[in-house]
There are 2 protein chains.
Amino acid sequence: MTYVDESEVKSVSQATLRRLPKYLHLLRNLKRRGRDAVSCSFIGEHLSLDPTQVRKDLAVTGVIGKPKVGHGTSELIDAIEQFLGWNNVTEAFLVGVGNLGAALLGYDRFNHYGLKIVAAFDKDPAKVGKTIGDYDVLPLEKLPDLARRMNILMGIITVPAEAAQSVADLMVSSGIRAIWNFAPVNLQAPEPVIVQDEELYATLAILSRHLAKNLKSEKLERGIEVNGLDS
Amino acid sequence: MTYVDESEVKSVSQATLRRLPKYLHLLRNLKRRGRDAVSCSFIGEHLSLDPTQVRKDLAVTGVIGKPKVGHGTSELIDAIEQFLGWNNVTEAFLVGVGNLGAALLGYDRFNHYGLKIVAAFDKDPAKVGKTIGDYDVLPLEKLPDLARRMNILMGIITVPAEAAQSVADLMVSSGIRAIWNFAPVNLQAPEPVIVQDEELYATLAILSRHLAKNLKSEKLERGIEVNGLDS
DNA sequence: TAGATTGTTAATCGATTAACAATC
DNA sequence: TAGATTGTTAATCGATTAACAATC
């Protein structure tokens, strides 16, 4: 039995964590428009979510609302930011300066989400030394030493699938604890490192299936009697 | 009661749909290496998934395996591609030629996933007329007419959050049925259109929370007695 | 044949949703 | 005060996992 207090560092479902940025985004908009309190029903309506779910999600941050009033907008924003650590900046290294990598380097909005990419690396000698936006592309060999010295905890992988695991290994052995992986492969990493895949093709699959199904339905409907009564 | 046969056009959980591209990617690799049959346990091991889950997922495509052998690699690949409609090319329009939009335009791998971006649009007159990779950036006003004439069913939104809903509305009114949304907002679209958000910040939230939690644990551990026994 | 693997039914688990007392 | 909204406990729902007979 360890004495790391679970109420202090409790585990929250990924589903909840994924919704928190949506709340944050909405709340920031509301605040900008001068709204200083908001109910969970209001949030739910705007994000197409069940109000009870909103309430439960927000509860993980520790905020307490006022009956009949709701939650203070600023208070809620602060609570979510603190819960996600977005009140502090996390510095990250990015490896793989292709199209996608370059796009992320140029993405200036990450600073609202606690993230700052501080260096970019590539294995390809043709890319090393080039400048992309504000970044000089560094050789991959320099990553371990720099990561240690700068105490970098987050790595972003935007290399082709084949190279992704070896980059992950390098990151892990350099002290990186959290990996944001854009390559379409299952990466292995030992505790306490976590890997999160950005599965572009997963999203595409849902859209593609929707269209494929529609086409099929239409064909069927053309051949088969359909009446409009439901049930 | 409609006579659209549910066994032909059945509904599959999003979780399953999201895993199909992973299977596909692995299977293509295996095929390339000359493997012509594969068991669900093997797939599960490589993707860190329960073998029963793999079996159920693959069942939606209609493939039938052989006891003791597994499934034919090529057969499985074909089945998944057909199920997702990736055996045919879906043509898509992209709106918003910023960093991310440009990256997607330059992404040459989509053709393995049934997608072809055929035109790029932007509202900003400064960007219209420019060439990005193989694409001439067209003015947004041209989208409706072109979409109708080319029978475009998929739209990709890479504009800022504020502009996303109006772009979505334009797409919907131009006959587009599936929207891949990279802007961090909840978009509304009427049936039978579906919107899928690519929630970059959702993934980031999970990673950030992991790091924030780690830091907290470490602080706690420094102050509080911890012993290594579990349970 | 023996046993690896299939497909399917049942059990478990966790997340979402509903119900409701507490309260500003 | 009355009622909108909270926080929480219980019910529902769906997805994952386990169990097992069928079979090449």
Side-chain angles (χ1 to χ4, degrees), chain A residues 6-7 10-23 26-27 30 35-76 79-80 83 186 199 202 205-206 209, chain B residues 6-7 10-23 26-27 30 35-76 79-80 83 186 199 202 205-206 209:
Chain A
E6 287 210 328
S7 69
K10 68 182 135 206
S11 246
V12 170
S13 81
Q14 289 211 355
T16 294
L17 287 175
R18 296 183 67 88
R19 282 188 293 266
L20 290 177
K22 292 193 180 183
Y23 300 136
L26 175 64
L27 290 163
L30 293 173
R35 180 151 185 158
D36 48 39
V38 61
S39 75
C40 292
S41 322
F42 182 89
I43 294 174
E45 243 169 68
H46 276 253
L47 300 178
S48 315
L49 296 172
D50 184 284
T52 303
Q53 183 165 75
V54 175
R55 213 165 286 127
K56 272 206 167 155
D57 285 343
L58 297 180
V60 305
T61 68
V63 286
I64 292 173
K66 284 199 182 70
K68 192 159 180 184
V69 177
H71 294 81
T73 315
S74 301
E75 194 191 351
L76 214 36
I80 295 173
F83 184 77
N186 192 243
E199 303 174 40
I206 296 170
R209 174 59 187 166
Chain B
E6 287 211 326
S7 69
K10 69 183 132 205
S11 248
V12 170
S13 80
Q14 289 211 356
T16 292
L17 286 174
R18 296 183 68 87
R19 283 188 293 267
L20 290 177
K22 292 193 179 183
Y23 301 137
L26 175 64
L27 290 164
L30 293 173
R35 180 150 185 160
D36 48 40
V38 62
S39 75
C40 292
S41 322
F42 182 89
I43 295 174
E45 244 169 66
H46 276 253
L47 301 178
S48 315
L49 296 172
D50 184 284
T52 303
Q53 183 166 74
V54 176
R55 212 165 286 128
K56 273 207 167 151
D57 285 344
L58 297 180
V60 305
T61 67
V63 287
I64 292 173
K66 283 199 183 69
K68 194 160 178 180
V69 178
H71 293 80
T73 314
S74 302
E75 194 192 350
L76 215 36
I80 295 173
F83 185 77
N186 193 243
E199 303 173 42
I206 295 171
R209 174 60 187 165

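Residue numbering restarts at 1 for every chain, and letters A, B, ... go by the order of the sequence lines.
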Measuring only between side-chain heavy atoms, which start at C-beta, is [X] closer than 4.5 Å to [Y]?
| X | Y | value |
| --- | --- | --- |
| B:L49 | B:Y23 | yes |
| B:H46 | A:N186 | no |
| B:L58 | B:F83 | no |
| A:V12 | A:D57 | no |

Item to check | A:P67 or A:A15, whichever maps to the more 5' nucleotide of DNA chain C | outcome: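 That would be A:A15.
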Item to check | Which residue lies more 5' along DNA chain C, comparing A:L49 with B:T52 via nearest heavy atoms | outcome: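 Between the two, 5'-proximity favours B:T52.
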Next on the checklist: Identify the stems formed by DNA chain C, where each pair is Watson-Crick or G-U wobble with both distances under 3.5 angstrom and a stem is at least 3 consecutive pairs.
Outcome noted: C:3-24 with D:3-24
Measure from [atom1] on [X] to [atom2] on [N] and round the result to the nearest Å.
| X | N | atom1 | atom2 | result |
| --- | --- | --- | --- | --- |
| B:Q53 | C:dC13 | CD | P | 16 Å |
| A:K66 | C:dA22 | NZ | C1' | 16 Å |
| A:D50 | D:dT5 | CG | P | 15 Å |
| B:L76 | C:dT5 | CG | C1' | 14 Å |
| B:E75 | C:dT6 | CD | P | 12 Å |
| B:R55 | C:dT8 | CZ | C1' | 10 Å |
| A:K56 | C:dT17 | NZ | C1' | 9 Å |
| B:D57 | D:dA15 | CG | P | 11 Å |

Next on the checklist: If we check side chain to side chain contact (heavy atoms under 4.5 Å, CB included) with B:L26, which of these qualifies: B:L76, B:T73, B:I43?
Outcome noted: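 Filter result, single survivor: B:I43.
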Next on the checklist: Could you report the tightest heavy-atom contact between A:C40 and A:H71, atom names first, then the distance?
Outcome noted: SG-CE1, 3.9 Å
Next on the checklist: OP1 or OP2 of D:dG7 versus the side-chain N and O atoms of A:H71: is any pair under 4.0 Å?
Outcome noted: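 Answer is yes, contact under 4.0 Å.
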Next on the checklist: Is the phosphate of D:dA15 approached by B:R19 (side-chain N or O, under 4.0 Å from OP1 or OP2)?
Outcome noted: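 No, outside the criterion.
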Checklist entry - Which pairs with one or both residues in residues 47-70 of chain B pass ring pair (Phe, Tyr, Trp, His ring centres under 6.0 Å), sequence neighbours excluded? => result none
